[in-house]
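Attaching a single structure in C-alpha cells format; questions to follow.
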Number of protein chains: 2
Amino acid sequence: MDKDFVNIYNLIQELSWYFGAHGINGECCGDLSLVEYMALKKINDSENITVQEIGHALNFTKSGASKIIDRLENKGYVTREISSLDGRVCCVNTTAKGAETALEIVHRYSAYVSEMLRTQNTAMVKNIKTVLEILVDSVHRQENLLHGKLPQGGGGMSIFSIDN
Amino acid sequence: MDKDFVNIYNLIQELSWYFGAHGINGECCGDLSLVEYMALKKINDSENITVQEIGHALNFTKSGASKIIDRLENKGYVTREISSLDGRVCCVNTTAKGAETALEIVHRYSAYVSEMLRTQNTAMVKNIKTVLEILVDSVHRQENLLHGKLPQGGGGMSIFSIDN
DNA sequence: GGGCCTTAGTTTCCGGTGTCAACTATTATG
DNA sequence: CATAATAGTTGACACCGGAAACTAAGGCCC
C-alpha cells in the first residue's frame, strides 16, 4: 500500500467531514439539512426528475427519497406532479423559491471557498479545480464499476461489500 | 463571484457526498457508522483524549459525544477511564481491537482510492496530495477564524450564522 | 377486455441518533 | 466549608431513513 494513497484518503476524508453533515454546517442553510439541500440541487439541475431517480442519485431508498421530497414540498421548494406519460410517475421540479434558495446556498458556499483560498494564486486555483475534477471523475468511474443492479434506489453500496 | 470558486465548491461538495455518510458507504465498516469511525480515528490518533475534546473535534455536543463513546465502548473498540489528575475527566483510548479496526478501515479505503486513481501518473498523485493538503489546511484556517467560543462541544457552527 | 405481473410511489412501523435539560460527581475559589 | 464551575451521564424527545406492506397505474397475453 503506497503511503501516498493513505495520505490522500485521509485528506479526502477530513475534507469531506468539513463539508458533510457534521462539519461547517449541520443545518445547511436555515431550514435545509444537507440531505435536503443535495436533493434540491439535484432536482434543480434536472427536469421532471422522478422520486426514484433522486433516491438513486443520492443513495436513498425510494421510501427515503419520498420523505425527503415531502419535506422539500412542505417547505415550498419543490412541486410534485403526476407525469402525463405515466400515471405512476411523479415529476419533481423546483419552485421559483426553491431554485432561488439553491442558488443562494451555492453562492454562499462559493464565497466561503473563495475566502478560504484567498491566498492562493490563479494557477493554483486552476490546479485545485483540475485535481477535484479528476477526483470526482475517478469516484464516478469507480462507482460505475462497482454498480451492480440494486433493488431499491441503489442504496447499500459499500466498499466492504466487495470482499467481505 | 469568480466562476472557478463556484466550480471548486460544487466539486468539493460532490466529492464530500461520496465520502460522507450517504455516499459509498452508509455503514462505514461492518458495525461502525461514519460518525463512530471518525471518533475512533480521532481517539486512536490521540492519547487520553477527553469526551468533550472528541465532541469538539467532531462538532458534537458533549452529550452526543458521550453516546458515541458509549457505542464504541460497547463494541469493544475504546475504553473509558477516570483521569488520575482530575476525577471529573474521562480518558478515552482505543483498545487493541479498536486500533486494529481503525487501521484496517484506513487500509481498505486507501486501497479503494489507489484503485480509483490507478490511471494517474506519479506526478499527478503527488499533485493531488498537495492540493488536498492545501484544501484541508485552508478549511482549518477558516474554521479557526470563525471560531467563537461555543457553549457545548463547539457545535452549531454555520457559514450562515455569520450574516444571518 | 379481463386477469396477472410489474412498477412508481406512499405510508406505517420501527430502530438508530443527536440535542436539550436536568442531574451527579469532582474540582476550584474565596 | 460553602459556593461556583466544570466533566460527564442520563432521560425525554424529535427527527430521520429503511423494510415491508400497501395503493395505483401500466404492460402483457390470451
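In what follows, every heavy atom counts, from backbone to side chain, and hydrogens, waters and symmetry copies are set aside. Letters A, B, ... are given to chains in the order of the sequence lines, protein chains preceding strands, and every chain is numbered from 1.
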*Looking at residues at least two apart in the chain, or sitting in another chain, which of them share a side-chain hydrogen bond (donor to acceptor under 3.5 Å, both in side chains) with K42(A)?*
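Testing K42(A) for side-chain hydrogen bond (donor to acceptor under 3.5 Å, both in side chains), a comparison that skips the adjacent residues, returns none.
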
*Does the pair K97(A) and E100(A) meet the rule for a salt bridge (Lys or Arg N to Asp or Glu O under 4.0 Å), with working shown?*
CA-CA 5 Å; K97(A) 181 183 168 195; E100(A) 191 192 339; over 6 Å; no

*For DNA chain D, whose closest nucleotide is more 5', that of V51(B) or that of G64(A)?*
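Its nearest nucleotide being more 5', the pick is V51(B).
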
_Nearest-angstrom distance from the residue atom CD1 of I69(B) to C1' of dT10(D)_ =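 My rounded result for the distance is 15 Å.
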
_Counting only side-chain heavy atoms from C-beta out, which of dG17(D), dA19(D), dA8(C) sits nearest to H22(B)?_
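Within the option list, the nearest is dG17(D).
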
*Which nucleotide, dA7(D), dT19(C), dG9(C), lies nearest any side-chain atom of Q52(A)?*
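From the listed options, dG9(C) comes nearest.
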
*Has the side chain of K67(B) got a donor or acceptor atom sitting under 3.5 Å from an opposite partner on the base of dG8(D)?*
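It does not, because no donor-acceptor pair links the side chain of K67(B) to the base of dG8(D) below 3.5 Å.
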
_If I take atom NE2 in residue H56(A) and atom P in nucleotide dG18(D), what distance separates them, rounded to the nearest angstrom?_
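Distance check: H56(A) NE2 to dG18(D) P gives 14 Å.
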
_Separation of dA7(D) P from N48(B) CG (nearest whole Å)_ =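 Interatomic distance, CG of N48(B) to P of dA7(D): 16 Å.
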
*S138(B): what forms a side-chain hydrogen bond (donor to acceptor under 3.5 Å, both in side chains) with it, not counting sequence neighbours?*
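Partners of S138(B) by the side-chain hydrogen bond (donor to acceptor under 3.5 Å, both in side chains) criterion come out as none, since no residue qualifies.
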
_Separation of dT10(D) P from D70(B) CG (nearest whole Å)_ =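 Interatomic distance, CG of D70(B) to P of dT10(D): 6 Å.
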
_As a test of reading the structure: which of dT11(C), dT9(D), dT19(C) is closest to the side chain of K62(B), going by heavy atoms?_
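Closest of the options to the side chain of K62(B): dT9(D).
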
*Would you please classify the geometry between the Y37(B) ring and the Y9(A) ring as parallel, tilted or perpendicular, with 30° and 60° separating the classes?*
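Judged by the thresholds at 30° and 60°, the geometry between Y9(A) and Y37(B) is parallel.
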
*asked:* Between dA19(D) and S63(A), counting only base atoms on the nucleotide and side-chain atoms on the residue, is there a donor-acceptor pair under 3.5 Å?
replied: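 By the distance-only test, yes, there is a pair.
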
*asked:* Just the rounded figure in Å: distance from P of dC16(D) to CE of M38(A).
replied: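 Those two atoms, CE and P, are 17 Å apart.
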
*Could you state the CD-P distance from E53(A) to dA8(C), rounded to the nearest angstrom?*
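Taking CD of E53(A) and P of dA8(C), I get 10 Å after rounding.
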
*side-chain hydrogen bond (donor to acceptor under 3.5 Å, both in side chains) against D45(A), all qualifying residues, sequence neighbours excluded*: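 Expected list: none.
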
Donor-acceptor pairs under 3.5 angstrom involving side-chain atoms of residues 128-135 of chain B: please list them, not counting sequence neighbours.
{"unit_1": "K129(B)", "atom_1": "NZ", "unit_2": "D4(A)", "atom_2": "OD1", "d": "3.4"}
{"unit_1": "T130(B)", "atom_1": "OG1", "unit_2": "K126(B)", "atom_2": "O", "d": "2.9"}

_Side-chain N,O (R71(B)) to OP1/OP2 (dG18(C)) below 4.0 Å_ =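 Yes.
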
*asked:* Going by side chain to side chain contact (heavy atoms under 4.5 Å, CB included), name the residues that satisfy it together with N48(B), two or more places apart in sequence or in a different chain.
replied: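 Expected list: C91(B), N93(B).
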
*May I have the distance from I54(A) (atom CD1) to dG17(D) (atom P), rounded to whole angstrom?*
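Atom CD1 in I54(A) sits about 14 Å away from atom P in dG17(D).
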
_Interatomic distance, I68(A) CD1 vs dT10(C) P [rounded to whole Å]_ =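 Atom-to-atom, I68(A) to dT10(C), this comes out as 12 Å.
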
*Can you check whether S66(B) has a side-chain N or O nearer than 4.0 Å to OP1 or OP2 of dG8(D)?*
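No, no such contact exists.
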
*Which residues in residues 72-95 of chain A have at least one heavy atom lying under 4.0 Å from any atom of DNA chain D?*
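When residues 72-95 of chain A is checked for heavy atoms under 4.0 Å from DNA chain D, the hits, listed by number, are D86(A), G87(A), R88(A).
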
